[in-house]
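Only one structure is covered here, and it is reproduced in the block below.
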Amino acid sequence: MHTLAPRERLPKGIRLLIVARAVNRLGAFSLSFLTVLISTDFGVSAATAGLVSAAFGLATVPSRLFGGYLADRLGRRRTILLGLTGCAVAQLGIAAAGSLPVIAVFAVLLGLVFELFEPPSQAMIADGVRAADRTRAYSLLNAALAAAGMGAGLIAASVGRWDLRWLFVVDALTCLACAVIIGLVVPPDGPRRGRATPVTSSSAWRDPALLAMLGCGTLLALIYMVIMILLPLALPTYGLQAADAGFLFTVSALTIIAGQPLLRLRPVAALPPAAGLAAGAAFMAAGLAGYALAPTLAGYALAPTLAGNALAPALPALAVATVVWSVGDLLIMGRAYAIVAGLAPPDARGRYLAVFGTSWGFATVAAPLAGTQLLERLGAQGLWACLAGACLVLAAASMSVGRLIEE
């Protein structure tokens with residue numbers, strides 16, 4: 001029987017930072033309704049409303065890079081507070097906007113500040129815990145955000161029925177609550193680093209190990225975003241409703257939360273960085289292959305026991321497959337950020353983590369285009385088979401990156 005690896009308690013400041021981020025995540029549901037708000041309140045087409053949302057998305061890419069720069073120069077705590085306060089102001093501006101140009105301006109402003117607090121939060125974790133504990137700390141942050149995300153869905157379901165503008169008010173209030181918690185419990189930033197240290201993002205962009213991690217991270221983010229965006233569209237082909245994706249996403253979040261002790265098992269904790277990434281990618285490949293095979297598995301194994309059930313028999317098979325790929329997510333996500341934090345010089349962690357974080361911006365743009373084309377041309381089973389293959393590519397690439405990191 002495998003025992004748990006010994007561990008030290010995470011520092012109080014890091015635990016409170018994770019709690020504060022979870023509080024902020026409770027309100028992070030409003031952006032899903034931005035297009036709906038614009039089209040319904042101002043009577044414009046969905047395409048026009050989509051342009052405003054796209055402008056927001058594009059603005060988040062420089063936001064993350066600027067957040068990394070400020071984290072290393074202005075300080076972690078100051079940058080987090082600046083980003084959270086800016087988000088609150090922009091959200092309140094959207095809620096109060098009386099015309100399309102005004103709401104578009106505040107949407108772009110929100111994009112420009114939306115990612116400011118991510119790199120300093122991640123850098124603060126790297127600064128505050130031992131290298132051996134970083135994977136666990138980043139995974140705990142991921143689990144806390146997943147738990148808060150489930151609560152966010154319940155808040156959105158209740159507040160959104162009242163008035164969509166109040167979703168942005170609640171989101172602004174959670175940003176301010178997070179800022180208050182961090183302002184009270186996180187120690188002030190130390191003195192700014194001397195100007196003798198060159199401060200440019202190009203030093204991070206020239207690090208071959210970081211660029212290799214960025215390539216792997218972009219592929220991972222693309223796979224993940226395709227799942228998030230395309231799963232609701234694909235479920236009707238299994239005889240399910242698009243809304244059943246909410247059940248599967250809840251299964252994923254619960255797996256990530258409940259699976260935290262898995263990271264402390266000695267065989268898992270002792271995995272080299274690249275091997276851990278590759279193992280996670282292999283689990284994701286198996287889970288997505290399960291999505292592709294779900295109708296067949298349900299037909300042979302589940303249909304006799306579920307006869308007369310109102311839900312299609314594919315749903316339990318999809319739930320099992322979701323657990324499998326979510327275990328892969330659990331193994332990868334915290335480990336990837338820990339690797340990047342380890343690559344970075346101490347005074348450049350914010351910039352390194354910001355560069356790595358741009359993978360999500362790239363994937364957010366590419367996933368809807370690539371995913372919808374695959375779904376249209378290959379069908380749901382072909383889509384998931386392609387994603388499973390992409391996970392195997394990610395596993396192989398992770399091993400290659402591991403050799404580069406160890407050099």
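No donor-acceptor pair under 3.5 Å is formed between the side chain of R351 and the backbone N or O of D72. Of the possible donor and acceptor atoms, one in the side chain of T85 sits under 3.5 Å from a partner among the backbone N and O of L81. Side chain of R78 to main chain of L74: a donor-acceptor pair is present (N/O by atom type, distance under 3.5 Å, no hydrogens or angles). Judged by distance alone, with hydrogens and angles left aside, the side-chain atoms of T79 form a donor-acceptor pair with the main-chain N or O of L70 at under 3.5 Å. Remark: side-chain polar atoms of R25 are not paired, donor with acceptor, to backbone N or O of A148 under 3.5 angstrom. In this structure, the side chain of D133 does not engage the main chain of R130 through any donor-acceptor pair within 3.5 Å. A donor-acceptor pair under 3.5 Å is absent between the side-chain atoms of N24 and the main chain of C178, judged by distance alone.
For S326, the side chain to side chain donor-acceptor pair (under 3.5 Å) criterion is met by S252, not counting sequence neighbours. Qualifying side chain to side chain donor-acceptor pair (under 3.5 Å) partners for S400, counting only residues two or more places apart in sequence or in other chains: R403. Every residue meeting the side chain to side chain donor-acceptor pair (under 3.5 Å) condition with T322, not counting sequence neighbours, appears here in chain and number order: Y291. Residues forming a side-chain contact (heavy atoms from CB on, under 4.5 Å) with A341 (at least two apart in sequence, or on another chain): A126, R134, Y138. The side-chain contact (heavy atoms from CB on, under 4.5 Å) search around L254 returns M150, T250, not counting sequence neighbours. Partners of R335 under the salt bridge (charged side-chain N to carboxylate O under 4.0 Å, His left out) rule, at least two apart in sequence or in another chain, do not exist in this structure. With sequence neighbours left out, the side-chain contact (heavy atoms from CB on, under 4.5 Å) criterion links A282 to no other residue. Partners of L37 under the side-chain contact (heavy atoms from CB on, under 4.5 Å) rule, at least two apart in sequence or in another chain, are D41, I94, I103, L164, R165, F168.
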Which side-chain N or O atoms in residues 108-116 pair as donor and acceptor under 3.5 Å with protein atoms at least two apart or in another chain?
| residue | atom | partner | partner atom | Å |
| --- | --- | --- | --- | --- |
| E115 | OE1 | R64 | NH2 | 2.9 |

Between side-chain atoms of residues 219-233 and protein atoms elsewhere (two or more places apart, or another chain), which donor-acceptor pairs fall under 3.5 Å?
none

Kindly list each side-chain donor-acceptor pair under 3.5 angstrom involving residues 11-22, sequence neighbours excluded, with atom names and distances?
| residue | atom | partner | partner atom | Å |
| --- | --- | --- | --- | --- |
| R15 | NE | L10 | O | 2.9 |
| R21 | NH2 | E118 | OE2 | 2.8 |

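Note that CG of D171 and CH2 of W166 are 13.5 Å apart. Values are rounded to the nearest 0.5 Å. Rounding to the nearest 0.5 Å gives a distance of 9.0 Å between CG of D347 and CZ of R73. We find the CD1-CG distance between I257 and L140 to be 10.5 Å, quoted to the nearest 0.5 Å. In this structure, CG on L288 lies 11.0 Å from CG on L293, to the nearest 0.5 angstrom. L383 contributes atom CG, which lies 6.0 Å from atom CG of L375 (distance to the nearest 0.5 angstrom). The CE atom of M213 lies 10.5 Å from the OG1 atom of T218; values are rounded to the nearest 0.5 Å.
What you find for A292 and A385 is that their closest heavy atoms are CB-N, 4.1 Å. Closest of all the heavy-atom pairs between Q381 and Y238 is CG-OH, 4.2 Å. Nearest heavy-atom pair across C391 and M284 is SG-CB, 3.7 Å. Across every non-hydrogen atom of A204 and L210, the tightest pair is O-CD2, 3.2 Å. Summarising the geometry of I256 relative to A143, their closest heavy-atom pair is CG2-CA, 4.0 Å, with the distance given to 0.1 Å. In terms of heavy atoms, P120 sits closest to G67 at CD-O, 3.9 Å.
Residues D207 and V355 are not in side-chain contact: their nearest non-hydrogen atoms beyond the backbone lie 4.5 Å or more apart. The shortest distance between side-chain heavy atoms of L65 and W205 falls below 4.5 Å. Considering only heavy atoms from C-beta on, I332 comes within 4.5 Å of L277 through its side chain. Considering only heavy atoms from C-beta on, W325 comes within 4.5 Å of D329 through its side chain. Proximity of V268 to L265: side-chain heavy atoms (C-beta onward) are separated by under 4.5 Å at one or more points. Residues L330 and Q260 form a side-chain contact, since some pair of their non-hydrogen atoms from C-beta on lies under 4.5 Å apart. Annotation: side chain of Y352 is not in contact with side chain of P119 (no heavy-atom distance under 4.5 Å). Inter-residue side-chain proximity for L318 and L240 is flagged as met; some heavy-atom pair is nearer than 4.5 Å.
For residues 244-282, there are no ring-ring contact (aromatic ring centres under 6.0 Å, His included) pairs, not counting sequence neighbours.
If you check the side chains of Y337 and N142, you find no donor sitting under 3.5 Å from an acceptor.
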Derivation and outcome, side chain to side chain contact (heavy atoms under 4.5 Å, CB included), residues L331 and L271: CA-CA 10 Å; L331 292 174; L271 283 174; 5.6 Å; no
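Between D127 and R349, at least one side-chain N (NZ, or NE/NH1/NH2) sits under 4.0 Å from a carboxylate O, which counts as a salt bridge.
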